[in-house]
Amino acid sequence: MSLPQPVRGTHDLLPEDYLRHAHVRETAREMASRFGYAEMATPIFEFTEVFARTMGESSDVVSKEMYSFESRSGESMTLRPEYTAGICRAFISNGLQQNVPFKAFAAGPMFRYERPQKGRQRQFHQIDVECIGAAEAKADIEVIAVGASILHKLGVLEHCTLEINTLGDQESREAYRAALVDYFSDHKSSLSKDSLDRLGRNPLRILDSKDKGDRILVENAPLFTDYLNSFSSEFFAEVLDGLSLLGINYELNRRLVRGLDYYTHTAFEFVTTALGAQGAVIAGGRYDGLIEMLGGKPTPGIGWAGGIERLAMLMDDVPIAERPIAIVPVGETAEAFTAKLAYQLRQEGLNIEMAFKGNVGKRMKRANKLNARAAVLIGEDELARNVCSLRDLDQGEQSEIPLSELSAALGALG
RNA sequence: GCGAACGUAGCUCAGUUGGUUAGAGCGCCUGACUGUGACUCAGGAGGUCGGGGGUUCAAGACCCCUCGUUCGCCCCA
C-alpha cells in the first residue's frame, strides 16, 4: 500500500473518533464552567521565547521537542507544546491583572516532536484549566476539584489515582536542590547514566528514576520535608485538608516532581495504569514564578493540562451519534415533495436523512446503517391521500398517519 | 535520542522446511425482494504481500537499508 499517509505522530480524527474527543471536550468545558472557568483560546503558535523562557532551556520540551520555524519576518516561531505559557502571555498582553483571579478553560492541539507511542503523539490535544492571580491554597484545591469532577463525569475517575506532592516555594526548592546535588555528587560513581545527566539539569528528577541502583541511593537521599520552610509546609497541609474536606482521594508521592522550571508548591497528577508507559491523564501544579518570567508583574498561578486522546482511550462507552429520521420517497413523483418536507423538518430542528438516489430497498438499508430511529415513506399513494407511512425501525411497526401530524409524531419518538 | 518486536484486501487475521493464477471472516457492491431495513441465499469488486535493494532456478517467507506502528527507556498530557 503506498496510499498517502499522515505525517508521523499525527492522526486523522474520523467522525467516530471525533465524537469521543468532542465528548471529552464538552464534558470538560461544562464542568469547568460550573466552577467559573470560561473558555478562551490563544494562537496555536507563539514567539519561541514564550515557551523557551518559561519552560526552561534545559527542559526536554524546549531542548529537543519543539516544532520551531522561522517566519518570513525572520522571527522564530513555535507551535505550542502546551497551553499554560500561552495563556499567561495572553494574561499579560491583555492587561488582565485587573480581573484576578482570572479563571480560564481552553482546549486544542499541541505539538511535540517526540517518539510516538500509545497515548503519545506529535500532534495531540489537551484540555486545560488555569487560575491566575490567586495565591490561596483554595485555588489549588479548586483547580484539582475541577479535574476530579471532569474525570468523574467522564466515568474514568475510578481508573485514576491522584498523586500529589509539594515542591515548596522558591527558597525551599533551592535549598533542597542544593542538598540533593551535594548528596548525589558524593555518589556519582553509582548513579545511572541518565541520572548523572539529570544531576546537572534537574536533580529532583533523580528521585523518580526507575533505575534499581538509583532507587537504592534515593532511599537515603535527603527528604524534601526537611527542607520545606514553614510557609511551604503549612500551605501544602492546607491544600491536603481542603481535598479531604471535598472527599477527593489522593496519595502523597514524595518523588513526584515536574519537568518544567516554572512549577512551585503543589504538583499533582491523575495517573492510570491502563495506558502503558503514559500514566498521566491530567497533570499540573502551581507556577508562581511564571508570569514574572514572561515579563509581567509577580503573579501567582495554578493550573493543569489533560490529554484528550488519553482520556478518550480510558472511556468505556462510546457516545452515540444523534439518530436521524430517514425520509424515503417511493417513486419519482414523490421526490420533489419529500425534498421539500425534509428541508422543512430540518428547519424545525429534526435530524433528517435523505439519500440522493436508490430504490426503496436501498434507502431502507441505508437508513438502517445510519441507525435511523424511523423511516417516513411517501409515494404516490400517500401523496394522493395526504398521509405518510411511518415506520419505527426499532419496533419494526409501521402505521399510516396524516402528514399534518408527522411533525408531532416524530417529536414523540424520543 | 537509545533498545526490542511487528508491517499480507477497507478492518481483524491465515499463509506449513522459500515452489504454479496469495486465502478466510467481517465490511463494501449487485441480485433473489422493480413500495420496505436488521436475518438468509447467490454472485462480484478489492492486494505491485509498507517501500527499495540483495541472495536464489524460484521470495509474502531469507539478508541489508528505509518508512511506519507497537512495547520499554528518556520525557511527558
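Convention: sequence-line order gives letters A, B, ...; per-chain numbering from 1. These values consider heavy atoms only, across backbone and side chains, with no hydrogens, waters or symmetry-generated copies.
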Would you mind listing every salt bridge (charged side-chain N to carboxylate O under 4.0 Å, His left out) that reaches into [range], with sequence neighbours excluded?
| range | result |
| --- | --- |
| residues 242-252 of chain A | none |
| residues 338-349 of chain A | none |
| residues 141-161 of chain A | A:Glu30-A:Lys153, A:Lys103-A:Glu142 |
| residues 161-170 of chain A | none |

Taking [M] as the reference, what is the distance to [N] when you measure between their [atom1] atoms (whole Å, please)?
| N | M | atom1 | answer |
| --- | --- | --- | --- |
| B:A59 | B:G53 | P | 13 Å |
| B:A38 | B:A32 | P | 14 Å |
| B:A58 | B:U12 | C1' | 31 Å |
| B:U16 | B:C41 | C1' | 34 Å |
| B:C11 | B:G54 | C1' | 33 Å |
| B:C63 | B:U55 | P | 15 Å |
| B:C67 | B:C75 | C1' | 24 Å |
| B:U8 | B:C33 | C1' | 37 Å |

Once you apply a heavy-atom cut-off of 4.0 Å, does [X] come out as touching a base, just sugar-phosphate, or nothing?
| X | value |
| --- | --- |
| A:Gly119 | base |
| A:Val281 | sugar-phosphate |
| A:Asp194 | sugar-phosphate |
| A:Lys362 | sugar-phosphate |
| A:Gln398 | base |
| A:Glu114 | base |
| A:Ala283 | sugar-phosphate |
| A:Asp381 | base |

Has A:Asp392 got a side-chain atom pairing as donor or acceptor with A:Gln398's backbone, closer than 3.5 angstrom?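 No: the side chain of A:Asp392 does not pair with the backbone of A:Gln398.
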
Examine distances only and state if a side-chain atom of A:Asp214 and a backbone atom of A:Ser192 form a donor-acceptor pair shorter than 3.5 Å. yes

Using nucleotides 1-7 of chain B, report all nitrogen or oxygen pairs with the protein that are shorter than 3.5 Å.
{"residue": "B:C2", "atom": "N4", "partner": "A:Arg115", "partner atom": "NH1", "Å": "2.7"}

Whole angstrom value for the distance that separates [atom2] of [N] from [atom1] of [X]:
| X | N | atom1 | atom2 | answer |
| --- | --- | --- | --- | --- |
| A:Arg363 | B:C29 | CZ | C1' | 18 Å |
| A:Ile206 | B:C73 | CD1 | P | 18 Å |
| A:His11 | B:A77 | NE2 | P | 18 Å |
| A:Phe124 | B:C75 | CZ | C1' | 12 Å |

Within less than 4.0 Å of OP1 or OP2 of B:U69, is there a side-chain N or O belonging to A:Lys118? no

As a test of your reading of the structure, name each stem of RNA chain B as range with range, where a stem is three or more consecutive Watson-Crick or G-U pairs at under 3.5 Å.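 Stems for RNA chain B, defined as runs of 3 or more consecutive pairs: B:1-7 with B:67-73, B:10-13 with B:23-26, B:28-32 with B:40-44, B:50-54 with B:62-66.
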
Test side chain to side chain contact (heavy atoms under 4.5 Å, CB included) applied to [X] - qualifying residues, sequence neighbours left out:
| X | value |
| --- | --- |
| A:Phe337 | A:Leu341, A:Ile378, A:Leu383, A:Leu403 |
| A:Ala135 | A:Pro300 |
| A:Leu223 | A:Thr225, A:Asp226 |
| A:Asn359 | A:Lys362 |

For A:Arg112, the option from A:Glu82, A:Gln123, A:Arg80, A:Arg120 that meets side chain to side chain contact (heavy atoms under 4.5 Å, CB included): A:Glu82

Taking all atoms of both residues into account, what is the closest heavy-atom pair of A:Thr266 and A:Ile302, and its distance? CB-CD1, 4.5 Å

Do you know the tightest heavy-atom contact between A:Phe105 and A:Arg25?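 Closest approach of A:Phe105 to A:Arg25, heavy atoms only: CZ-O, 4.1 Å.
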
Could you go through nucleotides 65-68 of chain B and list every protein N or O atom that sits under 3.5 Å from one of its N or O atoms, giving the distance for each pair?
none

Tell me, yes or no, whether the heavy-atom count around A:Gln347 atom CD, taken from other residues, nucleotides or ligands under 6.0 Å, exceeds 12. yes

Return yes when atom CZ of A:Phe69 has more than 12 non-hydrogen atoms of other residues, nucleotides or ligands closer than 6.0 Å, and no otherwise.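 Enclosed.
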
Using a cutoff of under 3.5 Å, can you pull out all pairs of nitrogen or oxygen atoms linking the protein to nucleotides 37-42 of chain B, with atom names and distances?
{"residue": "B:G37", "atom": "O2'", "partner": "A:Asn368", "partner atom": "ND2", "Å": "3.1"}
{"residue": "B:G37", "atom": "N7", "partner": "A:Arg391", "partner atom": "NE", "Å": "3.3"}
{"residue": "B:G37", "atom": "N7", "partner": "A:Arg391", "partner atom": "NH2", "Å": "3.2"}
{"residue": "B:G37", "atom": "O6", "partner": "A:Arg391", "partner atom": "NH2", "Å": "3.3"}
{"residue": "B:G37", "atom": "N1", "partner": "A:Leu393", "partner atom": "O", "Å": "2.6"}
{"residue": "B:G37", "atom": "N2", "partner": "A:Asn368", "partner atom": "OD1", "Å": "2.9"}
{"residue": "B:G37", "atom": "N2", "partner": "A:Leu393", "partner atom": "O", "Å": "2.6"}
{"residue": "B:G37", "atom": "N3", "partner": "A:Asn368", "partner atom": "OD1", "Å": "3.1"}
{"residue": "B:A38", "atom": "O4'", "partner": "A:Asn368", "partner atom": "ND2", "Å": "3.1"}

Taking the side chain of A:Pro116 as its heavy atoms from C-beta onward, which of B:U70, B:C75, B:A77 lies nearest to it?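 Nearest listed nucleotide: B:U70.
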
